[in-house]
Amino acid sequence: MIRYGLVILFNVAMWGCYINSLRVLSSLQATVTNFATNFLSSGLAGFFLFEEQLSFQWFAGALFIVVGVLILSKSSIEMKDSID
């Protein structure tokens with residue numbers, strides 16, 4: 001029962017972080033970053049809390065997601081610098 005309570009607590013915290021990030025970032029950046037963080041934290045929470053197995057495909061997908069978020073963040077920083 002404690003594990004399910006932690007899952008709910010983490011989801012509430014994720015929504016709070018998402019709402020705060022909408023205030024600072026563009027909606028696209030906030031949504032993509034929230035998706036990536038939610039995907040990674042859900043997978044790792046499942047691994048550590050529920051002893052779920054994570055396959056090589058999960059890690060490969062997670063790597064592609066992180067790289068995509070980094071590319072998006074870098075391109076938006078470069079666009080912001082060129083506007084200033």
Side-chain angles (χ1 to χ4, degrees):
M1 193 56 116
I2 292 173
R3 292 178 180 177
Y4 292 109
L6 287 172
V7 169
I8 291 170
L9 178 69
F10 289 143
N11 279 315
V12 169
M14 186 67 68
W15 275 105
C17 291
Y18 176 62
I19 291 170
N20 287 334
S21 68
L22 281 172
R23 294 181 185 147
V24 178
L25 303 171
S26 70
S27 60
L28 175 64
Q29 284 179 301
T31 302
V32 170
T33 304
N34 182 56
F35 167 76
T37 305
N38 195 12
F39 178 80
L40 294 172
S41 62
S42 295
L44 294 175
F47 177 76
F48 289 113
L49 296 177
F50 300 107
E51 299 175 5
E52 294 177 356
Q53 296 297 318
L54 298 177
S55 67
F56 173 77
Q57 292 172 333
W58 185 90
F59 285 105
L63 177 66
F64 281 121
I65 289 171
V66 169
V67 168
V69 169
L70 291 174
I71 290 171
L72 177 67
S73 297
K74 184 174 172 44
S75 67
S76 66
I77 289 171
E78 288 175 357
M79 285 180 57
K80 193 174 190 179
D81 287 343
S82 67
I83 292 173
D84 293 339

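Between Ser73 and Gln29, the shortest heavy-atom distance links the atoms CA-NE2, 4.3 Å. Ser27 approaches Leu22 most closely through the heavy-atom pair CA-CD2, 3.9 Å. Between Val69 and Ala36 the shortest heavy-atom distance is CG2-CB, 3.6 Å.
Side-chain heavy atoms closer than 4.5 Å link hydrophobic residues (I, L, V, M, F, W, Y) into clusters, and following such links, possibly through other members, connects Phe39 to Phe47. Val66 and Leu44 fall within a single hydrophobic cluster, where Ile, Leu, Val, Met, Phe, Trp and Tyr side chains are chained together by heavy-atom contacts under 4.5 Å. One hydrophobic cluster, built from ILVMFWY side chains closer than 4.5 Å, cannot hold both Val32 and Trp15; they sit in different ones. In this structure, Ile19 is not a member of the same hydrophobic cluster as Phe10, with clusters built from ILVMFWY side-chain heavy atoms closer than 4.5 Å. The same ILVMFWY cluster, assembled from side-chain heavy atoms under 4.5 Å apart, contains both Ile65 and Leu54.
Within the model, atoms OG1 of Thr33 and CG of Asn38 stand 12.0 Å from one another, a figure rounded to the nearest 0.5 Å.
The aromatic rings of Phe50 and Tyr4 sit tilted, their planes meeting at an angle between 30° and 60°.
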Evaluate Tyr18 against Thr31 for side chain to side chain donor-acceptor pair (under 3.5 Å), listing each step before the verdict. CA-CA 8 Å; Tyr18 176 62; Thr31 302; 3.2 Å; yes
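Within a 6.0 Å sphere centred on CD1 of Ile2, heavy atoms belonging to other residues, nucleotides or ligands number 12 at most.
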